[in-house]
Amino acid sequence: MFETLVADYPHSGRSQWLMGDIYMTQGRTTEALAAYRAANPNLGAHYSLTTQIGRKLMGAGHLRGAEHLLRQVWMEQPEFGTAPALLGVIYSRMGEPESAEEALRAAIVLQPENRISRHLLASALSDQGRWAEAAVARRQVISMGEDVWQQWAWLAEFEIRAGNALAGAAAFDSARVRTGTPEELAQIDSMAAVLTGPSGGG
C-alpha cells in the first residue's frame with residue numbers, strides 16, 4: 001500500500017512523510033528533513049509533528065539536527081513543554097549541563113509531573129558542582145515515586161559533596177534497605193567508602 005502511495009502520489013503529504021521516515025532509517029538525514037518539509041511546508045507551526053521529527057532525529061543519533069529543530073519550535077511556541085523537555089535530554093547527552101538546566105527548568109514549569117526532566121535536572125546541577133541544589137532536585141524525584149536505591153545513592157553523594165555528612169549517611173542507609181542483591185549492597189558500600197574517606201566529599 002505504501003509503495004503504491006509513493007509511486008502514484010509522490011508529492012502528497014502522506015507519501016512525503018513516508019519517504020522522510022524511509023530516509024531516516026537509511027541515515028539520510030538531509031533528505032529526510034527535506035521530505036518532512038515537503039510534507040508540511042509550515043512544519044514549525046505544527047508543534048506535535050515537529051517534536052515528532054525531533055524524536056526521530058534523536059533516535060537516529062542526530063542530536064545537533066534535533067537541537068536546531070526543537071529550539072526553533074520552542075522559541076516559536078514556548079507555552080508547550082515537549083520541546084524543552086526533549087532539549088533537556090539532548091543537552092544531557094551532549095554533556096552541556098548549563099543548556100540542559102535552562103531547557104529542563106522551562107519544561108518542568110509546563111510539565112511538573114515529568115520525572116525524567118526532574119531526574120535530568122538533578123544530574124545537570126551535579127555536573128555543574130551545585131551539590132545542594134542537586135540534592136533538592138533529587139529529593140523531588142524520589143518524592144514523585146522514584147523510591148529506589150539508585151536515587152538514594154545519588155542523593156547521598158550530593159549531600160556529602162554539599163557538606164551535609166549526616167544527611168548523606170542517612171541517604172546511604174535508605175539506599176541500603178532498598179537493595180535487592182548483595183552486589184547492589186556492595187556497590188553502595190563501595191560508593192560510601194569513597195565519598196566518606198579522607199579525600200571524599202570534596
Side-chain angles (χ1 to χ4, degrees), residues 47-48 50-52 54-59 63 66-67 70-71 73-74 77-196 200-201:
Y47 194 89
S48 62
T50 305
T51 53
Q52 183 179 342
R55 290 181 191 275
K56 291 177 184 290
L57 288 168
M58 291 169 65
L63 299 183
E67 176 206 8
L70 292 168
R71 184 162 279 278
V73 75
W74 180 26
Q77 300 184 64
E79 67 273 22
F80 299 117
T82 302
L86 292 173
L87 282 165
V89 175
I90 289 171
Y91 290 129
S92 296
R93 290 182 183 176
M94 294 195 302
E96 300 179 12
E98 294 86 357
S99 296
E101 179 190 356
E102 175 202 15
L104 292 165
R105 287 195 184 279
I108 289 169
V109 170
L110 297 165
Q111 301 175 339
E113 301 305 313
N114 189 326
R115 296 180 189 179
I116 294 175
S117 290
R118 290 186 182 274
H119 167 77
L120 292 175
L121 176 61
S123 297
L125 291 168
S126 69
D127 287 344
Q128 297 176 66
R130 293 158 60 186
W131 304 110
E133 293 174 78
V136 171
R138 186 63 67 196
R139 286 189 183 277
Q140 291 175 343
V141 175
I142 294 171
S143 71
M144 293 176 69
E146 295 296 316
D147 188 11
V148 295
W149 73 265
Q150 294 94 333
Q151 295 288 348
W152 284 101
W154 283 322
L155 174 61
E157 177 187 2
F158 298 169
E159 292 285 16
I160 290 171
R161 292 191 184 281
N164 304 319
L166 291 178
F172 270 132
D173 287 341
S174 295
R176 290 185 180 95
V177 300
R178 288 164 174 78
T179 58
T181 67
E183 290 78 15
E184 291 172 351
L185 184 59
Q187 187 173 341
I188 292 171
D189 289 340
S190 175
M191 184 177 176
V194 170
L195 286 168
T196 58

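Predicted model only: the values in this text are computed from it and were never measured. Along the sequence shown, the residues carry numbers beginning at 1.
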Separation between [atom1] of [X] and [atom2] of [Y], rounded to the nearest 0.5 Å:
| X | Y | atom1 | atom2 | answer |
| --- | --- | --- | --- | --- |
| Ser174 | Ile142 | OG | CD1 | 8.0 Å |
| Ile116 | Leu121 | CD1 | CG | 13.5 Å |
| Leu86 | Gln52 | CG | CD | 11.5 Å |
| His119 | Ser123 | NE2 | OG | 4.5 Å |
| Phe172 | Ile188 | CZ | CD1 | 8.0 Å |
| Leu110 | Glu79 | CG | CD | 8.5 Å |

For Asp173, salt bridge (Lys or Arg N to Asp or Glu O under 4.0 Å) partners two or more places apart: Arg176

Mind checking what makes salt bridge (Lys or Arg N to Asp or Glu O under 4.0 Å) contact with Glu184, not counting sequence neighbours? none

Evaluate the side-chain proximity of [Y] to [X]: yes if any heavy-atom separation is below 4.5 Å, no if none is.
| X | Y | result |
| --- | --- | --- |
| Thr82 | Gln111 | yes |
| Gln187 | Gln150 | no |
| Arg178 | Val148 | no |
| Asn114 | Ile108 | no |

Got a donor-acceptor contact below 3.5 angstrom from the [X] side chain to the [Y] backbone?
| X | Y | result |
| --- | --- | --- |
| Asn164 | Ala167 | no |
| Arg93 | Leu63 | no |
| Thr179 | Ala175 | no |
| Tyr91 | Ala103 | no |
| Ser190 | Ala186 | no |

Who are the side-chain hydrogen bond (donor to acceptor under 3.5 Å, both in side chains) partners of Arg130, not counting sequence neighbours? Glu101, Gln128, Glu133

Taking all non-hydrogen atoms of both residues, which atom of [X] and which atom of [Y] are closest, and how far apart?
| X | Y | result |
| --- | --- | --- |
| Thr196 | Ala192 | OG1-O, 2.6 Å |
| Ala66 | Ile90 | CB-CD1, 3.7 Å |
| Tyr47 | Pro84 | OH-CD, 4.0 Å |
| Leu155 | Ala135 | CD1-O, 3.5 Å |
| Asp127 | Pro97 | CB-CB, 3.8 Å |
| Ala100 | Ala124 | CB-CB, 4.2 Å |

List the steps, then state whether side chain to side chain contact (heavy atoms under 4.5 Å, CB included) holds for Ser117 with Arg105. CA-CA 8 Å; Ser117 290; Arg105 287 195 184 279; over 6 Å; no

Show, in sequence, the C-alpha distance, side-chain angles and deciding distance for Gln77 and Thr50, and conclude whether the side chain to side chain contact (heavy atoms under 4.5 Å, CB included) test is met. CA-CA 11 Å; Gln77 300 184 64; Thr50 305; over 6 Å; no

Going by side-chain hydrogen bond (donor to acceptor under 3.5 Å, both in side chains), Arg118 matches just one of Glu146, Gln140, Glu113. Which one? Gln140

Does the pair Glu157/Arg138 count as a salt bridge with the N-to-O cut at 4.0 Å? no

